[in-house]
Structure formats: C-alpha cells, structure tokens
Amino acid sequence: MEQTLLILKPDAVMRGIIGEIVTRFEKVGFKIVAMKMIEPDYEHYAQHYEGIGTLKTRKGDEIFESTLASMQEGPVIAIVLEGVEAVEVVRKMVGDTQPKTALPGTIRGDYAHVTYGQASQVGRGVANVVHASADKDEAKKEIAHWFKPEEIYDYRVVHEQFTQPRKQ
Ligand code: DAT
Ligand code: MG
C-alpha cells in the first residue's frame with residue numbers, strides 16, 4: 001500500500017482545525033500510520049523544502065526564505081497516511097498551492113482564501129494550511145526525513161477488507 005506525508009502547518013495548528021482536517025482523511029479511508037507534533041528548525045525545513053522539494057530552485061530565494069520563516073512560526077502536526085494511490089489522492093484533497101485558486105471542496109479551498117500577491121506584500125509564505133508530498137519519490141524521501149522507521153506503525157483498520165480480495 002502507498003504512503004504519503006501530510007503536514008498540518010502552523011496556521012492550521014494555531015487556528016484549532018487539526019481535528020477537522022484529520023477527520024477528512026479518516027473519512028476517505030486513509031490509515032494514519034504515524035502522527036506527531038513537532039517544531040523543526042531551519043535546517044530541517046531547508047532539507048524538506050529545497051533538498052527534497054527544490055522550492056528555492058523552482059521559485060527563488062525570497063519565496064523559499066519566507067516559506068521557511070512561516071513554517072517556523074509554531075509547531076506542526078506531521079502525519080503519514082497510507083492507502084490506495086495515497087500520494088495522488090491526498091494531493092487532490094489538498095488542492096492548488098494558492099488558496100485563491102484552490103477549488104471548493106479541497107482543504108486549501110475550504111479553509112483559506114489568500115493569494116501569492118498578498119503573501120509577497122507581507123513577506124510570508126502563502127498560508128495554505130497543509131503540506132502534502134507531490135509525487136511518490138518526494139513522499140519516500142519526506143517520510144524518511146520526518147519519521148524514524150520505528151515511529152511508523154503496522155495495524156489493520158476495519159475498512160481494509162474492502163481493498164482486499166473477497167472471501168469465497
Ligand atoms: P505545494 O505546497 O503545493 O507542493 P510548492 O512545493 O511549489 O507547492 O511550494 C511549497 C510551499 O511554498 C507552498 O505550500 C507555499 C509556499 N509557496 C509556494 N509558492 C509561493 C508563492 N508564489 N508565494 C508565496 N508562497 C509560496
Ligand atoms: Mg511541494
């Protein structure tokens with residue numbers, strides 16, 4: 001089964017919507033196999049956003065530095081979700097990077113509305129509630145960066161029966 005990394009960003013934690021967001025993934029049937037509150041330092045985020053995510057290379061120094069500063073405003077919740085094509089389905093649920101253009105029904109579309117332009121005016125990374133791995137390779141590297149193998153759990157949830165062969 002595929003795994004992906006989800007992070008509830010400081011804006012989600014400080015707004016008190018951790019439970020609502022986690023519930024969305026539980027309802028869809030994803031299994032939470034790891035979860036912790038953590039307040040990483042600059043180096044950890046530099047590795048996450050550039051070493052793995054190539055944010056500085058893709059979008060430049062200013063966006064990279066403002067995103068790292070915004071992420072360090074408070075603790076985050078890091079979660080590993082497991083399910084069928086988890087990376088792609090979780091990204092679908094998260095929506096577009098810019099909340100203004102994220103569709104209603106997605107987390108970024110339902111819980112935020114802000115724009116790149118406004119974020120840049122105030123020197124912030126755009127406050128978009130959650131991070132989710134963009135592809136399978138990123139997911140693999142990010143999970144290893146955020147969790148030790150012994151922090152990831154193996155157990156069964158009841159709805160797993162619906163993804164397995166039917167009993168004869
Ligand atoms: P995503 O988080 O959708 O994978 P990304 O990897 O390109 O998007 O960017 C990582 C984070 O950086 C993003 O969640 C918010 C911030 N960011 C990206 N582009 C930005 C921009 N133009 N202005 C402000 N913040 C931005
Ligand atoms: Mg990304």
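Indexing begins at 1, ligand by ligand and atom by atom, following the structure's order.
If you look at Val126 next to ligand 1, the close heavy atoms, those under 4.0 Å, come from the backbone and the side chain alike. Only the side chain of Lys9 comes within contact range of ligand 1, with a heavy atom under 4.0 Å; no backbone atom does.
For Tyr45, the ring-ring contact (aromatic ring centres under 6.0 Å, His included) partners two or more places apart in sequence, or in a different chain, are Trp146.
Of all protein heavy atoms, the one closest to atom 23 (N) of ligand 1 is Tyr116 CD2, 3.4 Å. Of the protein's non-hydrogen atoms, Thr67 OG1, 3.3 Å is the one closest to atom 12 (O) of ligand 1. Scanning the protein heavy atoms around atom 26 (C) of ligand 1, the nearest turns out to be Ile63 CG2, 3.6 Å. Nearest protein neighbour of atom 18 (C) of ligand 1, counting heavy atoms only, is Lys59 NZ, 3.6 Å.
By the criterion of side-chain heavy atoms lying less than 4.5 angstrom apart, applied directly or through intervening Ile, Leu, Val, Met, Phe, Trp or Tyr residues, Ile7 is grouped together with Ile152 in one hydrophobic cluster.
Across Asp96, Ile52, Thr97, heavy-atom proximity to atom 1 (P) of ligand 1 is greatest for Thr97. The heavy atom nearest to atom 4 (O) of ligand 1, considering only Arg91, Gln118, His131, is found in Arg91.
A distance-only check finds a donor-acceptor pair linking the side chain of Gln72 to the backbone of Tyr42 [under 3.5 Å]. When atom types are taken as modelled, the side chain of Arg24 and the backbone of Met93 share no donor-acceptor pair closer than 3.5 angstrom. Between the Asn128 side chain and the Gln98 main chain, no donor and acceptor come within less than 3.5 Å of each other. Checked by atom type and distance alone, the side chain of Lys31 pairs as donor or acceptor with a backbone atom of Tyr155 at under 3.5 Å.
For the atom pair Glu26 CD and Leu81 CG, the distance stands at 9.5 Å (nearest 0.5 Å). Taken to the nearest 0.5 Å, the OG1 atom of Thr4 stands 6.0 Å off from the CD1 atom of Ile143.
Numbered from 1 in the order shown, with element, the atoms of ligand 1 that lie under 4.0 Å from a heavy atom of Arg58 read 5 (P), 6 (O), 7 (O). Interface atoms of ligand 1 facing Asn128, defined by a heavy-atom separation under 4.0 Å, are 13 (C), 14 (O), 15 (C). Of all the atoms in ligand 1, the ones that sit under 4.0 Å from a non-hydrogen atom of Leu55 are 9 (O), 10 (C), 12 (O).
Within the structure, the closest approach of Arg108 to ligand 1 falls below 4.0 Å when heavy atoms are considered. Distances from ligand 1 to the non-hydrogen atoms of Gly125 include at least one value under 4.0 Å. Distances from ligand 1 to the non-hydrogen atoms of Tyr49 include at least one value under 4.0 Å. In this structure, Gln98 does not count as a contact residue of ligand 1, since none of its heavy atoms falls inside 4.0 Å of the ligand.
Partner of Ser133 under the side-chain hydrogen bond (donor to acceptor under 3.5 Å, both in side chains) criterion, out of Glu142, Gln3, Arg91, Lys141: Glu142 alone.
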Exercise. Please assess Tyr116 against Thr101 for the test side chain to side chain contact (heavy atoms under 4.5 Å, CB included), listing each intermediate value before the final yes or no.
Key: CA-CA 10 Å; Tyr116 288 149; Thr101 41; over 6 Å; no

